[in-house]
A.B. asks: 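Supplied in structure tokens, the structure appears directly below.
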Amino acid sequence: MQQDEIWGAEAAKAYDTPGTGMFSPEVLEPAVARLAQLAEGGRALEFAIGTGRIAVPLSQRNLPVAGIEYSPAMIAELRAKVDETTIPVVLGDMATATVPGSFSLVFLVYNTISNLLTQTQQVACFRNAARHLSPGGRFVIELWVPELRKLTPGQQAVVWQSEAGYIGLDTYDVLNQQVVSHHFRFGEGHKAELFRSPHRYIWPAELDLMAQLAGFELESRHADWNRAPFTAESRSHVSVYRLPG
């Protein structure tokens, strides 16, 4: 599965779920508020901007926002909301593509750094963020914590969400640090729709080392956008890295 095959027109059109899931106010509003605070009034750049879930409400706070996006289909959905002048977007890989100018904030949310499937690409992503930031600028990453503790000997899959009409499970290849997320959606009948995406999972300590290689220091880490404490039981984290001023 290649990223351009996964994030085509069909996936892009189904991506937005207004008012629910990752588009629900309780998920969206704290993220936008925290990012606006971290930008400190400067320019913000979103890696993997997608359909503008975060970028659009952030720009509505009068914060200049630009983006990098790999999928033309996702950009097309974004363009139905805002024009190129409002949120300029460069088509390309977030590990290598560049956007003119410098920024006070670069952010990469909702586990998307794991879409880069090698450690080399993930390190390159940190270095690309550093290239775009002015001195003292911040790179913010939202990422899930691998749930390997749930894998008993011989088990390769973890069900991480189960509710009416939906089951989400991950299958792990622990030797190569790879995981495939499977999303099953179904109704009253016998058939289900399946969406799958491959990822390379990253431990927080490994993420911190990637940051050091790019010249960053860890400024803060919390369990969510509301800044709940990050603990051994946290399922995800929001990590803020900063370049020397």
Side-chain angles (χ1 to χ4, degrees), residues 1-9 11-13 15-16 31-32 35 38-39 42-59 63-143 197-202 206-207 209-216 238-243:
M1 292 181 289
Q2 300 300 316
Q3 297 298 340
D4 56 351
E5 297 172 322
I6 296 168
W7 303 109
K13 287 191 176 298
Y15 190 79
D16 287 13
V32 172
L35 288 167
L38 291 169
R43 298 177 72 210
L45 172 62
E46 181 171 10
F47 284 0
I49 193 170
T51 66
R53 181 181 73 96
I54 298 292
V56 170
L58 201 57
S59 71
L63 194 74
V65 183
I68 294 173
E69 175 55 47
Y70 188 76
S71 166
M74 299 291 268
I75 297 176
E77 293 298 316
L78 172 61
R79 286 290 162 254
K81 304 172 186 176
V82 295
D83 59 23
E84 178 71 16
T85 302
T86 304
I87 301 180
V89 178
V90 169
L91 176 65
D93 186 334
M94 60 186 166
T96 57
T98 57
V99 177
S102 63
F103 298 83
S104 64
L105 177 72
V106 176
F107 60 99
L108 181 52
V109 299
Y110 213 72
N111 307 322
T112 310
I113 192 171
S114 67
N115 288 357
L116 299 171
L117 299 181
T118 69
Q119 186 183 72
T120 298
Q121 290 174 312
Q122 291 168 349
V123 170
C125 183
F126 269 91
R127 288 176 171 152
N128 198 29
R131 280 193 292 271
H132 285 90
L133 286 168
S134 55
R138 295 181 172 98
F139 184 31
V140 181
I141 292 182
E142 178 187 21
L143 186 62
S197 58
H199 305 268
R200 181 184 186 270
Y201 61 82
I202 316 169
E206 183 187 8
L207 201 71
L209 183 56
M210 291 179 183
Q212 290 179 37
L213 292 172
F216 288 100
V238 175
S239 297
V240 180
Y241 298 99
R242 193 163 193 172
L243 290 177

A.B. asks: Do any N or O atoms from the side chain of K81 and from the backbone of V56 form a donor-acceptor pair under 3.5 angstrom?
C.D. replies: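 No, because the side chain of K81 does not come within donor-acceptor range (under 3.5 Å) of the backbone of V56.
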A.B. asks: Which atoms form the tightest heavy-atom contact between F107 and A44, and what is the distance?
C.D. replies: CE2-CB, 4.1 Å
A.B. asks: What residues, two or more places apart in sequence or in another chain, satisfy side chain to side chain contact (heavy atoms under 4.5 Å, CB included) together with L91?
C.D. replies: P72, I75
A.B. asks: Going through the checks in order, is the ring pair (Phe, Tyr, Trp, His ring centres under 6.0 Å) test met by F126 and F139?
C.D. replies: CA-CA 8 Å; F126 269 91; F139 184 31; 5.2 Å; yes
A.B. asks: Enumerate the residue pairs fulfilling salt bridge (Lys or Arg N to Asp or Glu O under 4.0 Å) with a member in residues 83-100, sequence neighbours excluded, ordered by first and then second residue.
C.D. replies: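 Passing the test, one end in residues 83-100: R79-E84.
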A.B. asks: Under the 3.5 angstrom rule, does the side chain of S134 hit a backbone N or O of G137 as a donor-acceptor pair?
C.D. replies: no
A.B. asks: Test your reading of the model: is there a side-chain donor-acceptor pair from N115 to the backbone of H199, 3.5 Å cut-off?
C.D. replies: no
A.B. asks: Can any side-chain N or O of R242 pair as donor or acceptor with the backbone N or O of G136 at less than 3.5 Å?
C.D. replies: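 Present.
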A.B. asks: Using a strict cut-off of less than 4.0 Å between a Lys/Arg side-chain nitrogen and an Asp/Glu carboxylate oxygen, indicate whether R53 and E77 qualify as a salt bridge.
C.D. replies: no
A.B. asks: What I want to check is whether the side chains of E206 and Q122 have a donor and an acceptor closer together than 3.5 Å.
C.D. replies: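 On atom types as modelled, these side chains do not qualify, holding no pair under 3.5 Å.
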A.B. asks: Going by salt bridge (Lys or Arg N to Asp or Glu O under 4.0 Å), name the residues that satisfy it together with R43, two or more places apart in sequence or in a different chain.
C.D. replies: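 With neighbours one apart ignored, the set is empty.
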A.B. asks: Which heavy atom in V90 sits nearest to a heavy atom in A97, and how many Å separate them?
C.D. replies: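 Taking V90 first and A97 second, the nearest heavy atoms are CG1-CB, 4.3 Å.
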A.B. asks: With a 4.5 Å cut-off on side-chain heavy atoms, are M94 and L116 touching?
C.D. replies: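 In short, these two side chains touch, coming nearer than 4.5 Å.
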A.B. asks: With no hydrogens and no angle check, is any side-chain donor or acceptor of E142 less than 3.5 Å from a backbone partner on Y110?
C.D. replies: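 Side chain of E142 to backbone of Y110: a pair is present.
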A.B. asks: Between H132 (side chain only) and V99 (backbone N and O only), is there a donor and an acceptor less than 3.5 Å apart?
C.D. replies: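 Yes, the answer is positive, given that a donor and an acceptor are paired below the 3.5 Å cut-off.
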A.B. asks: Verify, without hydrogens or angle tests, whether S114 (side chain) and R200 (backbone) share a donor-acceptor contact under 3.5 angstrom.
C.D. replies: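 No.
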A.B. asks: Consider side chain to side chain contact (heavy atoms under 4.5 Å, CB included). Of L108, V106, V240, which one does V140 pass it with?
C.D. replies: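 Output: one option passes, namely V240.
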A.B. asks: Can you name the nearest heavy-atom pair linking G42 to P64, along with the distance?
C.D. replies: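 Nearest heavy atoms, G42 then P64: O-CD, 4.0 Å.
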A.B. asks: Please name the pair of heavy atoms, one in L105 and one in L35, separated by the smallest distance, quoted to 0.1 Å.
C.D. replies: CD2-O, 3.4 Å
